[in-house]
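So you know, we letter chains A, B, ... as the sequences are listed, proteins then strands, and number each from 1. Side chains included, hydrogens not; waters and symmetry mates left out as well; all remaining heavy atoms used.
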Amino acid sequence: MTEPSDLDDLTECVLDCVAEIPPGRVSTYGRVAAEARARCGRGGPRNVGQVLSRHGDEVPWWRVVSASGATALHKDSRQLTLLAAEGTPMRGEARVDLRVALHDFVIGLGEPDA
DNA sequence: GTTATGACTATGG
DNA sequence: GCCATAGCCATAA
């Protein structure tokens, strides 16, 4: 158990999914949302961002990008810098190459109970 | 209980 | 490839 239980199930699942993303790779909000939903049965693409904004300081939020491969947000320059520093394959200047950088989640095989 | 907001996605033009 | 609209889920007021 290493479950802090300080956060809600949804928050735990989202943070866990983002934390599983290896360096040099990225994932999309929809992908993380789908994984989190497969584990807790809750959550949506919007909730991922909401959780990250609340507890994004505990997880590599910069490894999460929009479905278009574009850095989603308010701190795009910061995220791009971090991604580039990790060696993430990028396309253009403000876009990540999802073809190569997109991390492959295994829906339903993450943590159904354990 | 309803309305408004949010680091989104999918589809259509 | 880009813009506009619709849909979705959870939280806060």
With a 3.5 Å cut-off and sequence neighbours excluded, list the donor-acceptor pairs that the side chains of residues 88-97 of chain A form with protein atoms.
| from | atom 1 | to | atom 2 | distance (Å) |
| --- | --- | --- | --- | --- |
| Thr88(A) | OG1 | Leu83(A) | O | 3.0 |
| Asp97(A) | OD1 | Arg99(A) | N | 3.3 |
| Asp97(A) | OD1 | Arg99(A) | NE | 2.7 |
| Asp97(A) | OD2 | Arg99(A) | NE | 3.3 |
| Asp97(A) | OD2 | Arg99(A) | NH2 | 2.7 |

Those residues that, when tested against Val64(A), pass side-chain contact (heavy atoms from CB on, under 4.5 Å) (two or more places apart):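 Listed in chain order: Val18(A), Ile21(A), Tyr29(A), Leu52(A).
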Among all residues two or more places apart in sequence or in another chain, which pass the side-chain contact (heavy atoms from CB on, under 4.5 Å) test with Ser66(A)?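 side-chain contact (heavy atoms from CB on, under 4.5 Å) check on Ser66(A) returns Ser68(A), Ala70(A), Ala72(A).
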Just how far, in rounded Å, is [atom2] of [N] from [atom1] of [X]?
X: Tyr29(A); N: dA10(B); atom1: OH; atom2: P; result: 14 Å
X: Arg31(A); N: dA7(B); atom1: CZ; atom2: C1'; result: 19 Å
X: Leu83(A); N: dA7(B); atom1: CG; atom2: C1'; result: 14 Å
X: Leu52(A); N: dA7(B); atom1: CG; atom2: C1'; result: 7 Å
X: Glu12(A); N: dA10(C); atom1: CD; atom2: P; result: 16 Å

Polar atoms only, N or O, under 3.5 Å: list the protein pairs with nucleotides 2-4 of chain C and their distances.
| from | atom 1 | to | atom 2 | distance (Å) |
| --- | --- | --- | --- | --- |
| dC2(C) | OP2 | Arg95(A) | NH2 | 3.4 |

Contact between Asn47(A) and Val14(A) at the side-chain level, heavy atoms closer than 4.5 Å - yes or no?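 Asn47(A) vs Val14(A): side chains apart.
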Qualifying salt bridge (charged side-chain N to carboxylate O under 4.0 Å, His left out) pairs with a residue from residues 51-62 of chain A, counting only residues at least two apart or across chains: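 Pairs touching residues 51-62 of chain A that pass the test: none.
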Taking N or O atoms only and anything under 3.5 Å, show me the protein contacts with nucleotides 11-13 of chain C, one pair per line.
| from | atom 1 | to | atom 2 | distance (Å) |
| --- | --- | --- | --- | --- |
| dA12(C) | OP1 | Arg54(A) | NH1 | 3.2 |

Provide the full list of disulfide (SG to SG under 2.5 Å) pairs with a residue in residues 66-101 of chain A, sequence neighbours left out, each pair given once.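 Disulfide (SG to SG under 2.5 Å) check on residues 66-101 of chain A returns no pairs.
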Give every residue pair that meets the disulfide (SG to SG under 2.5 Å) criterion with at least one member in residues 61-108 of chain A, sequence neighbours excluded.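 Applying disulfide (SG to SG under 2.5 Å) to every pair that reaches into residues 61-108 of chain A, excluding sequence neighbours, yields nothing.
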For Cys13(A), check disulfide (SG to SG under 2.5 Å) against everything at least two apart and list the hits.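 With neighbours one apart ignored, the set is Cys40(A).
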Counting side-chain heavy atoms from C-beta on, which of dT9(B), dC9(C), dG1(C) comes nearest to Arg37(A)?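 Nearest to the side-chain atoms of Arg37(A), counting from C-beta on, is dC9(C).
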From C-beta outward on Arg91(A), which listed nucleotide comes closest to its side chain: dA10(C), dT9(B), dG1(C)?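 The nucleotide sitting nearest to the side chain is dG1(C).
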What pairs with Glu86(A) under salt bridge (charged side-chain N to carboxylate O under 4.0 Å, His left out), at least two apart in sequence or on another chain?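 Partners of Glu86(A) under the salt bridge (charged side-chain N to carboxylate O under 4.0 Å, His left out) test: Arg63(A).
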For residues 81-107 of chain A, which residue pairs pass the ring-ring contact (aromatic ring centres under 6.0 Å, His included) check, not counting sequence neighbours?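 Output for this query lists His103(A)-Phe105(A).
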Applying a 4.0 Å non-hydrogen cut-off, can you work out what Ser53(A) is touching in the nucleic acid: base, sugar-phosphate, or nothing?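 Base, at least one base heavy atom under 4.0 Å.
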Just to be sure I follow the notation: if a pair is Watson-Crick (purine N1 to pyrimidine N3 plus N6-O4 or O6-N4) or a G-U wobble (N1-O2 and O6-N3), each under 3.5 Å, what dot-bracket string does DNA chain C give, with | for pairs to another strand? .||||||.|||||
Hey, mind stepping through Arg31(A) and Glu35(A) against salt bridge (Lys or Arg N to Asp or Glu O under 4.0 Å) and telling me if it holds? CA-CA 6 Å; Arg31(A) 213 72 191 200; Glu35(A) 240 307 273; over 6 Å; no
